[in-house]
Number of protein chains: 2
Amino acid sequence: MNKKQQQSEDTKRRIAEAAKALIMQKGYKSTSIEEIVEATGSSKGNIYYHFKSKEGLFLYLIEEWDLEWEQKWSSKEHQYTTITDKLYGIADQLVFDDLNHPFSKALDEFLNSSESMSEDVEQRITQIIRNRLEFNQKLLQQGIDQGEFENHNVEHLSIIFESLIAGLSQMSQMAKLDNVLALYHSAIRVLLYGIAKKPGMNNGR
Amino acid sequence: MNKKQQQSEDTKRRIAEAAKALIMQKGYKSTSIEEIVEATGSSKGNIYYHFKSKEGLFLYLIEEWDLEWEQKWSSKEHQYTTITDKLYGIADQLVFDDLNHPFSKALDEFLNSSESMSEDVEQRITQIIRNRLEFNQKLLQQGIDQGEFENHNVEHLSIIFESLIAGLSQMSQMAKLDNVLALYHSAIRVLLYGIAKKPGMNNGR
DNA sequence: TAAGATACAGAACGAACGTTCAGTATAGAA
DNA sequence: TTCTATACTGAACGTTCGTTCTGTATCTTA
């Protein structure tokens with residue numbers, strides 16, 4: 001690879017990194033190109049040289065984010081044996097590696113800001129969401145097949161799981177909580193065992 | 001009350017109503033004063049006559065929203081006997097009466113858009129959230145005291161419940177789902193009984 | 001009915017925004 | 001070294017935004 005190509009890739013990376021950090025902090029609409037310029041030391045024109053628009057930059061970040069998540073997970077998944085363990089593992093990855101579930105909030109904001117966005121961008125994003133739900137669904141189905149979970153409606157379960165996850169990151173930000181990991185684990189435990197009293201059963205911890 | 005006072009209150013109401021609908025649809029930042037003008041037939045100046053700023057208008061809506069929720073709930077609460085029933089009842093109110101949980105999303109966007117907002121507004125809003133969590137906490141504590149729920153960490157539980165609720169409304173919008181009520185009920189059922197297999201137990205539907 | 005307060009209209013403003021573009025520097029090819 | 005495609009700059013543009021301000025109509029009160 002050329003020195004020039006290398007430099008070009010580097011600055012594109014720098015822009016993407018800064019944009020991601022800012023959008024995670026402040027959301028999509030509230031993050032301006034000008035702020036990305038200040039954060040990178042690059043120029044406005046240069047951002048538009050590497051990305052065709054703000055929307056395009058955001059889509060780039062979403063796709064990267066989605067990809068990284070899958071890669072990280074598939075490199076960790078084998079550590080866990082049961083599906084139950086995997087659920088906890090997902091919680092761990094969300095809290096630790098992924099401080100970027102703030103990002104899903106930005107995604108939501110972007111989607112629901114209404115006002116026309118390019119057809120392709122919208123399609124690409126909804127597809128990513130459906131992928132995520134499909135991922136959950138497969139995992140939960142495995143749990144059922146292997147006798148770990150009750151035979152529930154997996155479509156609903158996958159949405160409920162994703163909702164819980166998304167809601168948790170939202171709430172833990174809003175209420176400015178610490179010990180987020182413990183909260184996530186509590187949530188998984190509730191998801192698994194519920195809160196209802198089960199007379200004569202001991203599901204301690 | 002005067003005819004003039006009456007008219008004044010009416011238009012203030014009209015403005016608030018239109019603003020609420022728009023903000024629920026498109027979020028806080030993406031809703032412009034101009035759009036509220038178009039929706040009401042009122043003028044820009046008039047909006048600023050009734051509300052001191054866009055931020056102030058939003059705070060007004062939040063407080064109203066919070067109040068209405070409490071009123072609606074306290075008028076329904078007596079219908080339900082067990083706390084378990086009340087959880088389902090809350091889900092019902094969220095889906096039916098409150099198509100405005102989209103509003104909590106707008107609240108989130110508003111809070112996390114960072115960029116300075118008035119001290120008092122921020123304080124008022126975080127207080128509303130803490131109220132909501134406190135409401136959950138009391139309800140769940142009652143459930144424990146009355147022997148319906150296991151003796152879990154109620155602080156965590158209240159956040160988990162709120163997270164689930166917020167996440168559900170978010171997801172059901174994003175994925176454009178129908179049959180939202182069934183989904184909410186599924187979620188409550190999971191919250192109560194979990195998904196883990198409980199050998200020898202029959203907790204069907 | 002006159003005076004004054006209240007309710008409303010809409011032009012105007014300055015700031016912030018995403019985007020474009022003419023121009024410049026630089027690295028690789030010739 | 002000269003040429004050219006690539007990488008980058010920053011001023012400028014056209015909108016859109018929240019907010020302000022001057023002026024006007026309308027209702028209340030004296």
Side-chain angles (χ1 to χ4, degrees), chain A residues 1-20 22-23 25-61 106 109-110 113-118 121-122, chain B residues 1-20 22-23 25-61 106 109-110 113-118 121-122:
Chain A
M1 183 178 294
N2 273 344
K3 178 183 171 188
K4 202 164 194 182
Q5 286 176 325
Q6 183 60 45
Q7 266 190 358
S8 183
E9 262 194 25
D10 286 351
T11 55
K12 184 168 183 177
R13 183 103 298 278
R14 249 188 24 249
I15 294 170
E17 222 75 59
K20 187 178 176 181
L22 284 167
I23 290 176
Q25 268 178 39
K26 330 197 336 156
Y28 173 75
K29 185 124 190 184
S30 295
T31 298
S32 66
I33 302 287
E34 187 59 37
E35 284 172 306
I36 301 173
V37 166
E38 286 164 15
T40 53
S42 205
S43 69
K44 263 186 175 181
N46 201 17
I47 291 175
Y48 278 85
Y49 176 76
H50 289 287
F51 302 95
K52 71 174 228 221
S53 67
K54 190 188 179 188
E55 204 182 76
L57 169 56
F58 187 65
L59 182 59
Y60 178 88
L61 294 176
E109 180 212 336
F110 180 77
S113 69
S114 166
E115 38 192 324
S116 61
M117 63 178 130
S118 330
V121 175
E122 176 153 22
Chain B
M1 180 177 299
N2 274 342
K3 178 182 171 189
K4 206 166 192 183
Q5 286 177 324
Q6 183 60 44
Q7 265 190 357
S8 184
E9 261 195 27
D10 286 352
T11 57
K12 185 168 184 179
R13 182 103 299 278
R14 249 189 23 250
I15 293 170
E17 221 74 61
K20 186 177 176 183
L22 284 167
I23 290 176
Q25 267 179 39
K26 331 196 340 159
Y28 173 75
K29 186 123 193 182
S30 295
T31 298
S32 66
I33 302 288
E34 187 58 40
E35 283 171 308
I36 301 171
V37 167
E38 286 164 14
T40 54
S42 204
S43 69
K44 266 185 173 180
N46 202 18
I47 292 176
Y48 278 84
Y49 176 77
H50 288 286
F51 302 94
K52 70 175 230 223
S53 66
K54 191 188 178 188
E55 206 183 73
L57 169 56
F58 187 65
L59 182 60
Y60 178 89
L61 294 177
E109 179 213 336
F110 180 77
S113 71
S114 171
E115 37 191 325
S116 61
M117 64 177 128
S118 328
V121 175
E122 175 155 23

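Everything quoted here is computed from the prediction, not taken from an experiment. In the text below, chain A, chain B and the rest are named by the order of the sequence lines, each starting its count at 1. Computed over heavy atoms, backbone and side chain alike; hydrogens, waters and symmetry mates excluded.
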Exercise. Rounded to whole angstroms, how far apart are CD on A:Glu34 and C1' on D:dT15?
Worked result: 17 Å
Seminar exercise, completed: Atom OH of A:Tyr48 and atom P of C:dC21 are separated, to the nearest Å, by 13 Å
Exercise. Do B:Lys26 side-chain atoms and B:Ser32 backbone N/O form a donor-acceptor pair below 3.5 Å?
Worked result: no
Exercise. OP1 or OP2 of D:dC8 sitting under 4.0 Å from any side-chain N/O of A:Thr11?
Worked result: yes
Problem set entry | Residue whose nearest DNA chain C nucleotide is more 5′ - A:Gly45 or B:Gln5 | B:Gln5
Exercise. Taking the side chain of B:Ser8 as heavy atoms from C-beta outward, which of C:dA7, C:dG28, D:dG18 is closest to it?
Worked result: C:dA7
For this session: Calculate the interatomic distance between A:Lys12 atom NZ and D:dC8 atom P; express it in whole Å.
Result: 12 Å
Exercise. Between D:dA7 atom P and A:Ile15 atom CD1, what is the distance in whole Å?
Worked result: 12 Å
Exercise. So how far is it from A:Ser30 OG to B:Phe110 CZ, rounded to the nearest 0.5 Å?
Worked result: 10.5 Å
For this session: Respond yes when some side-chain nitrogen or oxygen of B:Ser42 is under 4.0 Å from OP1 or OP2 of C:dA9, and no when none is.
Result: yes
For this session: Please work out whether the ring planes of B:Phe58 and B:Tyr28 are parallel, tilted or perpendicular, with thresholds of 30° and 60°.
Result: tilted
Problem set entry | Between C:dA9 (C1') and B:Gln7 (CD): distance, integer Å | 15 Å
Problem set entry | Gap separating the CD atom of B:Glu38 from the CG atom of B:Leu22, nearest 0.5 angstrom | 9.5 Å
Problem set entry | Rounded distance in Å - NZ (A:Lys29) to P (C:dG18) | 9 Å
Problem set entry | Whole-Å gap separating P (D:dC27) and CG (B:Asn2) | 11 Å
Problem set entry | Under 4.0 angstrom between A:Lys44 side-chain N/O and D:dG10 OP1 or OP2 | no
Problem set entry | D:dC8 phosphate, OP1 or OP2, under 4.0 Å from A:Tyr49 side-chain N/O | no
Exercise. Think B:Asn46 has a side-chain N or O under 4.0 angstrom from the OP1 or OP2 of C:dA7?
Worked result: no
Exercise. Are A:Ser43 and D:dC8 close enough that a side-chain N or O sits under 4.0 Å from OP1 or OP2?
Worked result: no
Problem set entry | B:Ile15 to B:Ser42 - nearest heavy-atom pair and separation | CD1-OG, 4.4 Å
Problem set entry | A:Phe58 CZ to C:dT19 P, straight-line distance once rounded to whole Å | 14 Å
